[in-house]
Structures are given as structure tokens and as C-alpha cells.
Protein chains: 2
Amino acid sequence: MAKQQIRTQRTDWQRNHERLVEVASVLVARDGAQVSLEKIAREAGVGSATLHRHFPSRRALLEEVFQGIVERLRRRAGELAGGDPRTGLVTWLEELTVCAANTRGLAAWLAAGADNDPPNGDTCHVVMREATTVLVERAMSVAAVRPGLSPEDLLTLAEAVSLVTEDDPTAARRLLHLALDGVRP
Amino acid sequence: MAKQQIRTQRTDWQRNHERLVEVASVLVARDGAQVSLEKIAREAGVGSATLHRHFPSRRALLEEVFQGIVERLRRRAGELAGGDPRTGLVTWLEELTVCAANTRGLAAWLAAGADNDPPNGDTCHVVMREATTVLVERAMSVAAVRPGLSPEDLLTLAEAVSLVTEDDPTAARRLLHLALDGVRP
DNA sequence: AGACAAACGGAGGGACACCCCATATCGTAG
DNA sequence: CTACGATATGGGGTGTCCCTCCGTTTGTCT
């Protein structure tokens, strides 16, 4: 009975699940986050009903698609939090922005997590916010940034930049630095 | 024959055209730029074929929907260009950002005009860029902004902010000023 | 008023999201 | 190794949407 309580999925379920996420990653990267779900199912070799059973909404699918990338970013933030507090924050924002600008759909995904209506656990945006907060606090401790700076706002700004510069990492970096430096001489 | 060359539309054509734009404005403001075109046609009391005959694409419809607002903004930029060069640019960016954040779909619309594949005349983004350029040059002439500042980049940044703060003008203003001031003390 | 061009709208094709239920498959107990 | 029951599947059905064709209506000009 104790064995039953650990709900383990059937192997074909796991196989299909992984395959769907894998195929979705490729198609989202190629065609954007609005790809037809039926196309994903077809490409994965499963019926559309199966896709909908695994992922009740497009959100749920995208969540898993981007989960790996967000986790990698989170770890990167951890590394930077062990380095120079002066440069860590800027490096982090730059890498985050470029990554989001390069990964089709990710910027919109992160930004969408910002104004999340329901309390649906730790979204990717929340993960990013926590990572950013640590780096902002460290930068503040050596007075490398203005006091009172809101990590949330800063993250949203970086997300905004990557949202508007999708597929153009050069522009992403340029706009981010414009925002970080301000417009006054 | 000379009279024929001035292509004048039939009165019912004009009536339907105006009504469609009017209804579309309301529905886009309420439901976003992705509203069903059929819903717009239904609400306007015309068949969907008529809508497609008047507007060959969703772009074409949105172009007319936002045209009035963009024109109003352009005039406002003209006013500001006659005032204080030090404050004009900031006021302009602020009003632009708040307006775009308040007008559902406008931010995405302006941003979409930035990387426009085909040479489709003067889009709204181009109109905004010209308005911004004048104010940036005036601000530069009194050294109120860093030399070398790109009006295009600055406009894109404002669009990015309004894109990510849709329906939240307070946040829009806050993020814009964050970007204008920079993060360093 | 009558004729002709201009504009209309219903209907239908193709694509999509999502759901129902008969069927197939997996894991296990005997 | 086999048979059984729970689990998972997928074809097909519904409703919506975009877009187009074509027979019909409406405006305009003489």
C-alpha cells in the first residue's frame, strides 16, 4: 500500500511527456510561443488529446519548456553572487536579457509571470526575482547602485528590453545599457 | 471623366468603414488587439466578408484604429518642441509611455512597427521616431542628455516599458524614470 | 425609372483548441 | 507466463476563427 502512495506514472506516460516537451522546445524556438499545439502533438507522434491530458493549458506546456533554461539562469545568478558585487549585477542583467532575447518566447513568458492573477506557486518570474534580489542587495552593500532600487522593477525593465528586442541580442545589450546608464550626461 | 478619376466611395462603404473602425476601437480597448475579427464584424452589424474587404489584414484595421491616437501624440510632440528643451523630452517620453500603457494593444503595435519587414510606408512607429528625434536634438543642444544618444533606441525603450506595464500607468511611469535615471548613484 | 457598377452577406473550406469514449497498453498478481 | 484491471491513448466531434466565393442587394448616374 505504501508503494501505491508514491504515484509513479506509467513508462509510456513518461516517454510521451518528455517527448512532448522536447518537441515543443524545438518548435517554440523555431516558430514562437504561439505554435499550434496540434502541430506539436503531430510532430511528437501523439494524438492531440494526449497533449491536452499532459498539459491542461498552453501555459503548463511552456512552463516545462522554459523550466530548464530558467534553472540554468538561476544557477548562473548563484555563481555571480559569489563574485564581485560591483560587476555581478550588471553581468547578470546582461546575460539574462541576452538569453531572453535569444530564446524565442521566453521574454514574453517571464513578463507574463509578473502580473500573475492567481497564486500559482513559484513561476519563472518569481525565481528570477529572487535571483535578482540577491545581486541587487550585494551591489547596494558596496554602493554600486542607487539606494532604494527595486529588484522587481529592475527585473521587469530587463524583461521589457528582451521582449522588445527578440531575436536581436545586440540591440538587447545596447538598450539594457542605455537603461542602466540613464540618459543624462 | 476627370470627375471619375477622383475615386469616391459609395456612402454605405464610408458608413461601414467608419463604423468598423469605431467598433474595433472599443473592442480592442476592452479585449486587446487579438479580438476576434468576426466579433468586430458582428458588433458592427456587417458580414465578416465586408470587414475583410475593407481591411485585408488585422494590421490594416489596427493601423486605422490607432491612427487617431498616434496623430494626437504627434501633435503633442510638436507642442513640446516649442517649450523648454530640458523638460520637453522627458515629458514627451512620459506621456507617450503612459498613453501606450493605457491603450491596450498600442504598445505592441508601436513596437511591432520597429522591425517592419516590408517597406510599408510611414508606420506609427516611424511617426513616433520622427517626433522623438526632434525632442532629443533639442535636449542635446542644451546638453540635457548624453551626446550620441539614439532617438530610435530611446523610443524603443519607452515602447518596451509600456509593453511590459500594460494597464498599469503607475508602473509605466516608475519604470521609465528608472531607465532615464540609470541605476548608479 | 432603369441599368450598371459597387458593395454586401451567407455559406463553406481549412485550421485550431479542446473533449468524449471506445480501444490499446502497461504492470502486476496469480 | 498469462490474464486482468487500471492507466493511457487517439480518432473523431464540436465550436470558434480567418478568409474567400458567388449570388443578391443597394447606391449612383443618366
Side-chain angles (χ1 to χ4, degrees), chain A residues 1-28 30-65 104-105 108-109 112 118, chain B residues 1-28 30-65 104-105 108-109 112 118:
Chain A
M1 189 187 270
K3 188 165 60 175
Q4 298 283 344
Q5 284 181 353
I6 300 173
R7 299 296 312 129
T8 171
Q9 321 287 17
R10 254 164 57 168
T11 57
D12 55 344
W13 192 97
Q14 291 180 335
R15 209 158 32 83
N16 280 335
H17 199 84
E18 288 166 17
R19 176 132 183 78
L20 280 169
V21 173
E22 190 183 344
V23 167
S25 299
V26 173
L27 292 190
V28 166
R30 203 188 60 190
D31 303 338
Q34 301 304 318
V35 210
S36 153
L37 296 180
E38 286 191 340
K39 194 178 293 182
I40 294 174
R42 220 177 306 130
E43 184 78 12
V46 304
S48 65
T50 296
L51 186 148
H52 286 284
R53 210 174 296 112
H54 281 254
F55 307 98
S57 68
R58 176 179 238 104
R59 285 191 70 85
L61 177 55
L62 290 176
E63 183 87 44
E64 289 206 26
V65 164
R104 201 169 296 206
W109 176 250
Chain B
M1 187 189 273
K3 189 164 62 174
Q4 297 284 342
Q5 284 178 354
I6 300 175
R7 300 294 315 125
T8 171
Q9 320 286 20
R10 259 166 53 168
T11 58
D12 53 346
W13 192 96
Q14 292 180 334
R15 207 159 32 82
N16 281 335
H17 199 83
E18 287 165 18
R19 175 130 185 79
L20 279 168
V21 172
E22 191 183 343
V23 167
S25 298
V26 174
L27 292 190
V28 165
R30 204 189 60 188
D31 303 338
Q34 301 304 318
V35 211
S36 152
L37 297 180
E38 284 190 341
K39 194 178 292 181
I40 294 174
R42 221 177 304 131
E43 184 79 10
V46 303
S48 67
T50 296
L51 185 147
H52 288 284
R53 212 174 294 111
H54 281 254
F55 307 98
S57 67
R58 174 178 242 107
R59 285 190 70 85
L61 177 55
L62 289 175
E63 184 87 43
E64 289 207 27
V65 164
R104 201 168 295 205
W109 176 249

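Residue numbers begin at 1 in each chain, while the letters A, B, ... track the order of the sequences. Not measured: the values here are computed from a predicted model.
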Whole angstrom value for the distance that separates P of dA7(C) from CD of E18(B)
14 Å

Can a side chain N or O of N16(A) be found less than 4.0 Å away from OP1 or OP2 on dT9(D)?
yes

Side-chain N or O of S36(A) versus OP1/OP2 of dA15(C): is the shortest distance under 4.0 Å?
no

Sequence neighbours excluded, which residues qualify as side chain to side chain donor-acceptor pair (under 3.5 Å) partners of D12(A)?
R10(A)

To the nearest 0.5 Å, how far apart are CG in L27(B) and CD in E22(B)?
11.0 Å

Identify all side-chain donor-acceptor contacts of residues 38-52 of chain B below 3.5 Å with residues at least two apart in sequence or on another chain.
none

Please give the angle, rounded to 10 degrees, between the axes at the start and the end of the helix from dA1(C)-dT30(D) to dG30(C)-dC1(D), where five pairs define each axis.
0°

Over how many whole Å does the gap from L61(B) atom CG to dC17(D) atom C1' extend?
15 Å

Kindly indicate whether the side chain of E64(B), heavy atoms from C-beta on, has any atom under 4.5 Å from the side chain of H17(B).
yes

Testing the basics here: between V35(A) and G32(A), what is the closest heavy-atom pair and its distance to 0.1 Å?
CG2-O, 2.7 Å

In whole Å, what is the span from the CD1 atom of I40(A) to the P atom of dA15(C)?
17 Å

Once the angle between the rings of H54(B) and W13(B) is folded into 0 to 90°, is it parallel (under 30°), tilted (30 to 60°) or perpendicular (over 60°)?
parallel

Filtered N/O pairs between nucleotides 19-22 of chain D and protein, under 3.5 Å:
residue: dC19(D); atom: N4; partner: S48(B); partner atom: OG; Å: 3.1

Once rounded to the nearest 0.5 Å, what's the spacing between atom CD of Q34(A) and atom CZ of R58(A)?
5.0 Å

Between the protein and nucleotides 23-26 of chain D, list every N/O to N/O distance that falls short of 3.5 Å.
residue: dT26(D); atom: O2; partner: R10(B); partner atom: NH1; Å: 3.1
residue: dT26(D); atom: O2; partner: R10(B); partner atom: NH2; Å: 3.2

Give me the atom names and distance for the closest heavy-atom approach of A33(A) to G105(A).
CB-CA, 4.2 Å

Name the nucleic acid region contacted by R15(B), choosing base, sugar-phosphate or nothing; use a 4.0 angstrom heavy-atom cut-off, strictly under.
nothing

Please name all residues satisfying side chain to side chain donor-acceptor pair (under 3.5 Å) with E18(A), sequence neighbours left out, ordered by chain then number.
none

Could you tell me if the side chain of V28(A) sits less than 4.5 Å from the side chain of L61(A), heavy atoms only?
no

Under 4.0 angstrom between H54(A) side-chain N/O and dT9(D) OP1 or OP2:
yes

Quick check on dT7(D): is either OP1 or OP2 less than 4.0 Å from any side-chain nitrogen or oxygen of Q9(A)?
no

Could you state the CZ-P distance from F55(A) to dT9(D), rounded to the nearest angstrom?
11 Å

In whole angstroms, how far is the P atom of dG11(D) from the CZ atom of R42(A)?
12 Å

Just how far, in rounded Å, is P of dA8(D) from CG of L51(A)?
16 Å

Can you see if the side chain of T50(A) gets near the phosphate of dG10(D) - specifically, an N or O under 4.0 Å from OP1 or OP2?
yes

Atom CZ of R59(B) and atom C1' of dC18(D) are separated, to the nearest Å, by 17 Å

Distance check needed: dA7(C) P versus L20(B) CG, whole Å only.
14 Å

